[in-house]
Amino acid sequence: MDRVTKLASEKPVVIFSKSSCCMSHTIKTLFYDFGVDLAVNELDKIPRGCEIEQALLRLGCNPSVPAVFIGGELVGGANEVMTLHLNRSLVPILKQVGALWV
């Protein structure tokens, strides 16, 4: 859990992902298209990725990826991010944490 907390605070936006997950790809693309300053941790490519995945499940991420943290706080997965985006709440949050300068 400490490792997740540490990684989640490295950048304004942190995404825990798997390289083979289509929803992870979709969420990463959304943030990249916004020009967001983010960090992506591919759990299938980093050491101890399975341990991080288990910690994300304990935090309530189900499925475990994508798991999006904004400003060090867990926002949730693809459904939560897309809901924020469709409600036009995502961009103001990104600006507030310094992830977006537009």
Side-chain angles (χ1 to χ4, degrees):
M1 200 75 72
D2 291 338
R3 187 157 184 221
V4 170
T5 303
K6 182 179 182 225
L7 290 170
S9 64
E10 288 183 346
K11 291 263 189 170
V13 176
V14 177
I15 300 174
F16 292 93
S17 172
K18 285 189 179 176
S19 60
S20 61
C21 175
C22 64
M23 291 310 295
S24 292
H25 175 76
T26 301
I27 296 302
K28 289 184 292 188
T29 300
L30 174 69
F31 284 104
Y32 286 136
D33 286 351
F34 279 143
V36 168
D37 179 25
L38 71 128
V40 176
N41 295 286
E42 299 286 358
L43 300 182
D44 55 339
K45 305 231 176 191
I46 62 174
R48 299 172 54 193
C50 290
E51 291 175 24
I52 294 171
E53 184 173 7
Q54 291 302 313
L56 291 170
L57 287 168
R58 285 192 300 275
L59 284 173
C61 298
N62 191 13
S64 59
V65 294
V68 178
F69 288 76
I70 300 177
E73 298 292 322
L74 176 63
V75 171
N79 287 340
E80 291 80 11
V81 170
M82 291 309 293
T83 298
L84 288 172
H85 178 51
L86 293 172
N87 289 337
R88 299 178 189 228
S89 303
L90 184 59
V91 169
I93 294 169
L94 293 172
K95 287 179 181 177
Q96 182 180 8
V97 299
L100 196 60
W101 299 276
V102 177

At what distance, to the nearest 0.5 angstrom, does [atom1] of [X] lie from [atom2] of [Y]?
X	Y	atom1	atom2	result
Leu38	Ile70	CG	CD1	10.0 Å
Arg3	Thr5	CZ	OG1	12.0 Å
Ser64	Leu57	OG	CG	5.0 Å

In short, ring-ring contact (aromatic ring centres under 6.0 Å, His included) pairs touching residues 46-75 with sequence neighbours left out are Phe16-Phe69
What pairs meet the salt bridge (charged side-chain N to carboxylate O under 4.0 Å, His left out) rule with one or both residues in [range], with sequence neighbours excluded?
range	answer
residues 72-93	none
residues 19-40	Lys11-Asp37, Lys28-Glu42
residues 43-57	Lys18-Glu53, Arg48-Glu51

Tell me, please, which residues at least two apart from [X] pass side-chain contact (heavy atoms from CB on, under 4.5 Å).
X	result
Ile46	Asn41, Leu43, Ile52
Glu10	Leu7
Ala99	Pro12, Val13, Val36, Leu94, Val97
Asn79	none

With sequence neighbours left out, write down each residue that passes ring-ring contact (aromatic ring centres under 6.0 Å, His included) with His25, or none if nothing qualifies.
none
Which heavy atom of Ala78 sits nearest a heavy atom of Pro66, and at what distance?
N-CG, 3.9 Å
Exercise: identify the closest heavy-atom pair between Val4 and Ala55
CG2-CB, 3.7 Å
If hydrophobic clusters are built by linking Ile, Leu, Val, Met, Phe, Trp and Tyr wherever their side-chain heavy atoms come under 4.5 Å apart, do Met23 and Leu56 end up in the same one?
no
Less than 4.5 Å apart, any side-chain heavy atom of [X] and any of [Y]?
X	Y	result
Cys61	Leu74	yes
Leu30	Leu90	yes
Phe31	Val40	no

Would the distance check show the side chain of Thr26 and the main-chain N or O of Cys22 forming a donor-acceptor pair, the cut-off being under 3.5 Å?
yes
